[in-house]
Amino acid sequence: KAGVTQTPRYLIKTRGQQVTLSCSPISGHRSVSWYQQTPGQGLQFLFEYFSETQRNKGNFPGRFSGRQFSNSRSEMNVSTLELGDSALYLCASSLGGGIQYGYTFGSGTRLTVV
Amino acid sequence: ILNVEQSPQSLHVQEGDSTNFTCSFPSSNFYALHWYRWETAKSPEALFVMTLNGDEKKKGRISATLNTKEGYSYLYIKGSQPEDSATYLCAPRGGGGADGLTFGKGTHLIIQP
C-alpha cells in the first residue's frame, strides 16, 4: 500500500517567487493536513482539507493557501516567498474527520528560500 | 491555539531501562490527544490517538495514559532499545475537533547502549 507522497522533495526558490507543493494521500484517505516545521517553532498546523473543503486553518498569513481535488490530492501554495518560509513542509492524510483517526505523514518537501 | 508543554526536552537512557515523559495541555476544550514518534530522516509515525479520560493504550513496549481532567498524558517505554531513539511528539486537538493538531516541541530520547 503506497504511503503519503509529497513532491518535490527539495526546492530552492528566490525571495518574492511563489511555490506549489503537492501531496498525494493514501488511497481512500479523504482528509489531508499540512504542517510547517522549523527548528525554532516545531511543527505548526497550516490547514486541513476534507472532501475538497477547508475544515480549518492555522495562524499563517494569507500568502499560504491550499486546495484539495476530487481525488483527495492536495496542493499548497505560498506566494511572495520570504526567507522565513524556509522550512520542511509535511503533509498528512487520514481516513476521515473522526477523532479516532491518526495521521500518516509524508516525507516532506524541504523548501529553501534564498 | 493550545499551549502544549512536553517534558523533559531531551532524555538519555541506558539500553534496557524504562522511561517515561509528559505532555501537558489545557484541559478545557479538549477533543483528542495524538502521540507520534519521529525518527531522524523519517516521517512522524502515529503511535496512539486517545480521547477518553483514563484511556490507556499499548503498542509493544510503549504505552500511554490520558488524564483529560487535569490535562496531561504520560508516555512509557519499557526496556528501552536503541531503535526507540527518536523525538516523541504529543498533539492535542481542541475546538470540538474542528481545530488542527497543536504539536508540542517534543521529547528527544537517546538510548545509550
Subject >> Proximity of residues 103-113 of chain B to chain A, residues having a non-hydrogen atom under 4.5 angstrom >> reply: B:Phe103, B:Lys105

Original post:
Are B:Leu66 and B:Tyr72 linked, directly or through other ILVMFWY residues, by side chains that come within less than 4.5 angstrom of each other?
Top reply: no

Original post:
What part of A:Gln44 gets closer than 4.5 Å to chain B, counting heavy atoms only: side chain, backbone, both or neither?
Top reply: neither

Original post:
side-chain hydrogen bond (donor to acceptor under 3.5 Å, both in side chains): which pairs involve residues 4-19 of chain A, sequence neighbours left out?
Top reply: none

Original post:
Which bit of A:Leu88 comes within less than 4.5 Å of chain B, counting heavy atoms only: side chain, backbone, both or neither?
Top reply: side chain

Subject >> Structural part of B:Leu89 lying under 4.5 Å from a heavy atom of chain A >> reply: side chain

**OP:** Please report the closest heavy-atom contact between B:Gly100 and A:Tyr35, naming both atoms and the distance.
**Re:** C-OH, 4.5 Å

Subject >> Rounded distance [0.5 Å steps], CZ in A:Phe45 versus CZ in B:Arg93 >> reply: 7.0 Å

Subject >> Pairs touching residues 24-83 of chain B that satisfy disulfide (SG to SG under 2.5 Å), sequence neighbours left out >> reply: none

Subject >> ILVMFWY clustering at 4.5 Å (side-chain atoms), partners of A:Ile12 >> reply: A:Val114

Original post:
Are A:Val4 and A:Leu111 linked, directly or through other ILVMFWY residues, by side chains that come within less than 4.5 angstrom of each other?
Top reply: no

Subject >> Non-hydrogen atoms of B:Ser43 and A:Gly106 that approach each other most closely >> reply: OG-O, 2.8 Å

Subject >> hydrophobic_cluster_shared for B:Tyr74 and B:Phe30, side chain cutoff 4.5 Å >> reply: no

Original post:
What do you reckon, are the aromatic ring centroids of A:Phe105 and B:Tyr36 less than 6.0 Å apart?
Top reply: yes

Original post:
Closest heavy-atom contact between A:Leu90 and B:Trp38?
Top reply: CD1-CH2, 3.7 Å

Subject >> A:Ser33 versus chain B, the contacting section by heavy-atom distance below 4.5 Å >> reply: neither

**OP:** Could you tell me whether B:Gln9 atom CD has more than 12 heavy atoms of other residues or ligands within 6.0 Å of it?
**Re:** no

**OP:** Measure A:Phe47 against the heavy atoms of chain B and call it side chain, backbone, both or neither at under 4.5 Å.
**Re:** neither

Original post:
Does B:Val4 belong to the same Ile/Leu/Val/Met/Phe/Trp/Tyr cluster as A:Leu43, with side-chain heavy atoms less than 4.5 Å apart forming each link?
Top reply: no

**OP:** Please answer: with hydrophobic residues joined when any side-chain heavy atoms are less than 4.5 Å apart, are A:Trp34 and A:Val78 in the same cluster?
**Re:** yes

